[in-house]
2 protein chains.
Amino acid sequence: MSKAPSPKPTDSELEILHVLWQHGPATVRAINDLLGQRRQAEVGYTTTLKILQLMLEKGLVRRDDADRSHVYRAAVREQETQGLLLDKFVDATFGGSALKLVMQALGSRKTSDDELAQIRRLLNDIEIQNSTSNPAEDDEHAG
Amino acid sequence: MSKAPSPKPTDSELEILHVLWQHGPATVRAINDLLGQRRQAEVGYTTTLKILQLMLEKGLVRRDDADRSHVYRAAVREQETQGLLLDKFVDATFGGSALKLVMQALGSRKTSDDELAQIRRLLNDIEIQNSTSNPAEDDEHAG
DNA sequence: GCTTTGTTACGAATTATTTCGTAGATAAGT
DNA sequence: ACTTATCTACGAAATAATTCGTAACAAAGC
């Protein structure tokens, strides 16, 4: 029950987490190289090292220091972290209303029919969950 | 090119913008009082004043200093600002995929049937737009 | 007129984040 | 063995955001 209260990662930390999520465990050298690719400008090696050390203290990553080149791995899951950040963002920007966020996300940008279909499937799933786990009567049937 | 791109507001600035969007133009005193209500702890009067002065320089607010108590008003629109922040957030957290954001927002939290219905209506509207305009050239935005 | 109250402007302390330089250790190359 | 390369740890500078104290000034109250 005691869920690790992983602190909210900063922008730089999040970028490193993306690298680790995609690439898997890696050395500082590898992480730094991958960061250089996804960015415009290179970042100093010791900068990456420093951030990883701070992330280790925060519990955002784990490391294997058996070898001289330590190997870092993400200690938080991608979806959980995204969910955490999303919660904060929804609170700060949309007053806590996830609905407003979704409306804004869908309304103010181009969404393909394919993406719309995926969202519809998700809506159907959620509706089924609502009706099976919720005592409130629900006779709606999606087309 | 004549329009200065309003910089991304910080968390504190965004909170003040929320107050101004909801309440309309207000003095520092009024803004500070309203901030105190929506927060856990009070914030110092001069803190609010200082942030408003910085926001004025950034172009996030305008002020009427005809009277001794200056009256501040939002200089950026709510939806535009939310859209701007949303873009940055989607890039940083979901690698630019608005679809992933929506899936996460809907999937990882409780969404009521009422909200689901609203989203369905929006999906229908978007689908109609997709089918009535040529998808290859409908990237125009209302100014 | 004098004092109290409320206001703006400004400087500065505090905290967080990002950045990198340098020292010291270990491994690798010759 | 010696030199070079690579790595970690650590300190600290640079930047940004938040906070508030104080000075200066104007208005209101007595």
Side-chain angles (χ1 to χ4, degrees), chain A residues 5-19 25-36 38-73 81 84-85 88-89 91-93, chain B residues 6-19 25-36 38-73 81 84-85 88-89 92-93:
Chain A
S6 342
K8 175 178 154 183
T10 67
D11 286 349
S12 294
E13 290 169 348
L14 186 58
E15 209 173 353
I16 287 180
L17 284 175
H18 277 305
V19 167
T27 62
V28 179
R29 178 63 61 192
I31 293 166
N32 186 247
D33 288 350
L34 290 167
L35 278 183
R38 51 157 50 221
R39 286 200 189 188
Q40 307 297 63
E42 289 278 326
V43 65
Y45 175 87
T46 54
T47 302
T48 303
L49 172 64
K50 178 69 155 192
I51 294 177
L52 279 165
Q53 287 169 344
L54 294 174
M55 290 174 78
L56 181 64
E57 284 183 9
K58 290 190 190 179
L60 291 172
V61 295
R62 290 193 225 287
R63 81 173 171 196
D64 175 359
D65 53 1
D67 292 338
R68 187 157 90 102
S69 294
H70 301 173
V71 174
Y72 288 84
R73 66 173 57 232
T81 304
L84 180 86
L85 292 170
K88 302 234 182 210
F89 179 74
D91 282 349
T93 306
Chain B
S6 334
K8 176 178 154 182
T10 67
D11 286 349
S12 296
E13 290 168 348
L14 186 58
E15 210 172 353
I16 288 180
L17 283 176
H18 276 305
V19 167
T27 62
V28 179
R29 178 64 60 192
I31 293 166
N32 186 245
D33 288 350
L34 290 167
L35 277 184
R38 51 158 47 223
R39 285 201 189 188
Q40 309 295 63
E42 289 278 324
V43 66
Y45 175 87
T46 55
T47 302
T48 302
L49 172 65
K50 177 70 154 191
I51 293 178
L52 279 165
Q53 287 169 346
L54 294 174
M55 290 174 77
L56 181 64
E57 285 182 9
K58 290 191 190 179
L60 290 172
V61 295
R62 290 192 226 287
R63 82 173 170 195
D64 175 359
D65 53 1
D67 291 339
R68 188 156 89 99
S69 294
H70 301 173
V71 175
Y72 289 84
R73 66 173 56 232
T81 304
L84 180 86
L85 292 170
K88 302 233 182 210
F89 180 74
T93 306

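Below, chains carry the letters A, B, ... as their sequence lines are ordered, and counting in each starts from 1.
- Distances shorter than 4.0 Å separate none of the side-chain N or O atoms of Ser12(A) from OP1 or OP2 on dT17(C).
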Anything under 3.5 Å between a donor and an acceptor, one on a side chain of residues 59-66 of chain B, the other on a protein residue two or more places apart or in another chain? List them.
| unit_1 | atom_1 | unit_2 | atom_2 | d |
| --- | --- | --- | --- | --- |
| Arg63(B) | NH1 | Tyr72(B) | OH | 3.2 |
| Asp64(B) | OD1 | Ala66(B) | N | 2.9 |

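- Nearest heavy-atom pair, Ala92(B) versus His18(A), reported as atom, atom and distance to 0.1 Å: O-NE2, 3.0 Å.
- Distance Leu54(A) CG to dC10(D) C1': 11 Å, rounded to the nearest Å.
- Residues in residues 41-61 of chain B take part in these side chain to side chain donor-acceptor pair (under 3.5 Å) pairs, two or more places apart or across chains: Glu13(B)-Lys58(B), Asn32(B)-Thr48(B).
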> For nucleotides 1-16 of chain C, read 5' to 3', which letter fits each nucleotide if B means a protein heavy atom sits under 4.0 Å from the base, S means only the sugar-phosphate is that close, and - means neither?
Replying inline: -----BSBB-BB----
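- Residue-level contact check: Asp11(A) touches the backbone only, with heavy atoms under 4.0 Å from sugar-phosphate atoms and none from bases.
- One atom, CG of Leu52(B), and another, P of dA17(D), lie 16 Å apart when rounded to the nearest Å.
- Taking the side chain as every heavy atom from C-beta outward, Val28(A) and His70(A) never approach each other to under 4.5 Å.
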> After noting the C-alpha distance and the side-chain angles of Leu85(A) and Thr81(A), does the key distance pass the side chain to side chain contact (heavy atoms under 4.5 Å, CB included) rule?
Replying inline: CA-CA 6 Å; Leu85(A) 292 170; Thr81(A) 304; 4.2 Å; yes
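- When rounded to the nearest whole Å, the span between CG of Asn32(A) and P of dT8(D) equals 11 Å.
- Straight-line distance from the CE atom of Met55(A) to the C1' atom of dT18(C): 14 Å, rounded to whole Å.
- Taking atom CD on Glu57(B) and atom C1' on dT18(D), their separation rounds to 16 Å, with Å as the unit.
- As a whole-Å value, the separation of Leu14(A) CG from dT17(C) C1' is 14 Å.
- Each of Thr47(A) and Lys8(A) was matched to the nucleotide of DNA chain C holding its nearest heavy atom; the match closer to the 5' end belongs to Lys8(A).
- When every heavy atom of Ser12(B) is checked against every heavy atom of Ile51(B), the shortest pair comes out as CB-CD1, 3.7 Å.
- Rounded to whole Å, the distance from CD on Glu15(B) to C1' on dA17(D) is 14 Å.
- In this structure, the CD atom of Glu13(A) is 11 Å from the P atom of dT19(C), given to the nearest Å.
- Closest of all the heavy-atom pairs between Leu84(A) and Lys8(A) is CD2-CA, 4.1 Å.
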